[in-house]
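Start at 1 and go down the list; that is how both ligands and their atoms are numbered. The analysis underlying the following values was restricted to heavy atoms, covering all of them including side chains, and did not include hydrogens, waters or symmetry mates.
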Amino acid sequence: MSTWEDNVRRVVPYVPGEQPKIKDIIKLNTNENPYPPSPMVINKQLELKNLRLYPDDKALVLVDAIADYHKVDSAQVFVGVGSDDVLAMAFMTFFNSDKKILFPDITYSFYDVWAELLGIPYRQPALDENFRLVKEDYYVENGGIVFPNPNAPTSIAEPVSFVEDIVKHNKDVVVIVDEAYVDFGGESALSLIDKYDNLLVVRTYSKSRSMAGIRIGYAIGSKKLIKYMNDVKFSYNSYTMNMPSQILGTESLKDEAYFRETVNKVIDTREWFSKEISELGFKCPKSSTNFIFMTHDKIPAKEIFEKARDNKIYVRYFNKPRIDNYLRVTIGTREEMEIFLEFLKSLEA
Ligand SMILES: *Cc1c(COP(=O)(O)O)cnc(C)c1O
């Protein structure tokens with residue numbers, strides 16, 4: 001007997017970090033920024049009576065502001081509902097070969113979910129024993145490449161020359177560099193986009209701009225790449241960027257001083273915290289992000305994760321090969337990290 005369920009698209013969805021409903025927790029599990037968005041965003045008056053109208057389908061105010069900010073042409077900017085939306089659109093637009101696309105074995109765990117959803121064949125070259133990407137692994141025939149730089153959850157950044165080597169060896173496919181964390185210490189590949197028309201750089205407002213709740217991401221690349229992405233996007237959903245996002249996203253870019261100040265506070269706290277935990281016997285790769293990836297020889301990560309949770313401190317634990325003795329800990333405020341540090345000191349090795 002056949003049923004409608006025979007024709008369901010079956011997928012195993014991505015599981016984001018927990019968003020606990022209980023109060024008074026220290027939330028270091030989803031790489032949100034501990035500081036609020038710029039006061040210019042918070043104090044912006046929205047003409048909410050205009051919500052009866054459709055927003056600008058091209059989100060031109062925001063696209064122009066992003067183009068201005070990065071000193072590129074507006075035709076080189078694509079905006080979406082968080083970088084997850086931008087990345088999904090890019091997969092849909094560019095990864096249509098029968099050859100396998102490539103991304104690391106340890107990386108953002110949405111990539112394989114999109115590949116599965118869209119029926120894109122893929123292979124995941126292993127990071128080396130120090131969790132570094134091996135660029136030569138990407139010098140082979142493939143259907144496209146995507147990786148974050150800095151990588152997640154390892155927190156490690158590679159220099160732009162490294163990215164360029166990969167792009168140089170892959171001029172016949174699209175290379176996507178996911179720069180979700182680049183503002184916290186990475187080197188951007190934006191300097192390469194005029195040289196390589198197959199390079200797409202993806203950014204988000206969710207981490208460094210303290211605006212995860214508004215859902216804004218964008219991509220910058222050659223006009224050709226952006227046109228192809230827009231053709232797919234406008235064949236799917238015209239009005240993804242709502243009016244408040246377009247306006248508040250534009251405001252955020254006007255306050256560079258606040259942006260720098262909050263990013264630097266996160267970096268300072270990260271450097272202090274990394275040093276403190278090394279004295280407790282924890283190890284972590286040098287982070288270029290707003291999180292650290294920490295491990296201890298004697299205290300199992302899973303145990304720390306569970307005990308921390310009992311103490312209302314939420315961090316991220318991945319029960320996956322190679323990284324199941326690591327914790328990914330978002331850098332919170334100095335006060336939050338002091339409390340987490342006291343908790344770590346209370347653990348017995
Ligand atoms: C957080 C994150 C994203 C997605 O962010 P959005 O909130 O959808 O913009 C994409 N890639 C990486 C590597 C991330 O860590």
Side-chain angles (χ1 to χ4, degrees), residues 13-19 27-34 37 59 62 66 77-92 101-115 117 124 127 131 133 145-158 163 175-189 200-220 229 233 237 240-242 245-246 248-249 252-253 263 266 270 285 287-293 315-316 318 320 323 326-331:
Y14 171 76
V15 185
E18 253 181 294
Q19 299 291 354
K27 194 168 177 306
L28 309 175
N29 69 334
T30 51
N31 293 347
E32 288 142 334
N33 198 304
L62 180 60
I66 292 170
V77 178
F78 176 91
V79 292
V81 185
S83 55
D84 286 342
D85 179 48
V86 175
L87 286 160
M89 283 289 147
F91 272 51
M92 218 187 284
I101 65 162
L102 304 176
F103 49 88
D105 64 336
I106 299 166
T107 194
Y108 187 40
S109 42
F110 223 137
Y111 300 153
D112 58 336
V113 175
W114 288 315
L117 173 73
Q124 300 188 257
L127 298 182
F131 294 143
L133 277 120
I145 293 172
V146 57
F147 61 92
N149 192 38
N151 195 9
T154 65
S155 78
I156 300 171
E158 298 298 345
V163 175
V175 178
I176 302 174
V177 183
D178 179 353
E179 294 191 338
Y181 299 103
V182 76
D183 294 318
F184 297 104
E187 241 177 61
S188 178
L200 190 76
V201 174
V202 178
R203 295 282 189 99
T204 177
Y205 273 56
S206 298
K207 282 53 185 248
S208 56
R209 291 202 172 270
S210 304
M211 291 173 76
I214 205 154
R215 313 304 302 131
I216 300 176
Y218 57 95
I220 299 183
M229 282 188 76
K233 179 237 140 82
N237 183 350
T240 49
M241 300 305 291
N242 65 59
S245 293
Q246 295 188 29
L248 298 178
S252 170
L253 296 170
V263 163
V266 170
R270 176 188 75 204
S287 170
S288 298
T289 63
N290 68 337
F291 60 88
I292 58 161
F293 198 48
V315 298
R316 193 85 191 262
F318 302 93
K320 288 188 173 175
I323 57 170
Y326 282 80
L327 294 173
R328 192 196 69 188
V329 179
T330 307
I331 301 300

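The closest donor-acceptor contact from the side chain of Q124 to the backbone of P104 lies under 3.5 Å. The closest donor-acceptor contact from the side chain of Q246 to the backbone of M241 lies under 3.5 Å. Proximity of a side-chain donor or acceptor of T330 to a complementary backbone N or O of L28 within less than 3.5 Å is detected. Of the possible donor and acceptor atoms, none in the side chain of N33 sits under 3.5 Å from a partner among the backbone N and O of S206.
Nearest non-hydrogen protein atom to atom 7 (O) of ligand 1 is S206 OG, 2.6 Å. Among protein heavy atoms, the minimum distance from atom 8 (O) of ligand 1 is reached at R215 NH2, 2.7 Å.
By heavy-atom distance, the residue among S83, A152, A88, G82 lying nearest atom 4 (C) of ligand 1 is S83. Nearest residue to atom 15 (O) of ligand 1 from Y108, Y181, F291 is Y181 (criterion: closest heavy atom).
Counting heavy atoms from C-beta on, the side chains of I292 and S155 never come closer than 4.5 Å.
Annotation for ligand 1: atoms under 4.0 Å from non-hydrogen atoms of K207 are 1 (C), 2 (C), 3 (C), 5 (O), 14 (C), 15 (O).
Only the side chain of D178 comes within 4.0 Å of ligand 1, counting heavy atoms alone; its backbone N, CA, C and O stay farther away.
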